[in-house]
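Data first, discussion second: the structure below is written as structure tokens.
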Amino acid sequence: MGLIQHQVEEAGIPTISIGNAADRMGHIRPPRALLVKFPRGSMLGEPGNAARHRRVILDALNALSEMT
């Protein structure tokens, strides 16, 4: 995904990854990333918790607007 993000960024479109493992993000090196403390496979939080999912997505969009 990181390689795709770099290509999209070169086209002028900002991107952000949501991940839960800093070491993996360090290897992938996406242009921008939001680290979360949820288990693997649940990057937006526990299944069925729409409010938390929405909050994580809004946090990611907010971070995207602030990161350069």
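On a predicted model such as this, the values are computed, not experimentally measured, just so you know. Side chains included, hydrogens not; waters and symmetry mates left out as well; all remaining heavy atoms used. When a residue number appears, it is its place in the shown sequence, counting from 1.
Hydrophobic cluster membership for L3: none, as no Ile, Leu, Val, Met, Phe, Trp or Tyr side chain comes under 4.5 Å of it. Under a 4.5 Å side-chain heavy-atom cut-off, the cluster of Ile, Leu, Val, Met, Phe, Trp and Tyr residues that includes L58 has no other member. Membership of the apolar cluster around L35 extends to M25, as traced through chained side-chain contacts below 4.5 Å between ILVMFWY residues.
In this structure, R29 has no salt bridge (Lys or Arg N to Asp or Glu O under 4.0 Å) partners at least two apart in sequence or on a different chain. Considering only residues two or more places apart in sequence or on other chains, N20 meets the side-chain hydrogen bond (donor to acceptor under 3.5 Å, both in side chains) condition with none of them. The side chain to side chain contact (heavy atoms under 4.5 Å, CB included) check on E9 picks up P14, T15, P31, R32, with sequence neighbours excluded.
We find the CZ-OG distance between R52 and S42 to be 11.0 Å, quoted to the nearest 0.5 Å. Rounding to the nearest 0.5 Å gives a distance of 12.5 Å between CZ of R55 and CG of N49. To the nearest 0.5 angstrom, S17 atom OG is 7.0 Å from M1 atom CE. Taken from CD1 in I57 to CG in L64, the straight-line distance is 13.0 Å, to the nearest 0.5 Å.
Between A60 and I18, the closest heavy-atom pair is CB-CD1, 4.0 Å.
Tracing side-chain contacts under 4.5 Å through hydrophobic residues (I, L, V, M, F, W, Y), one never reaches I16 starting from V8; they form parts of separate clusters.
H53 places a side-chain N or O within donor-acceptor distance of the main-chain N or O of E46, the cut-off being under 3.5 Å.
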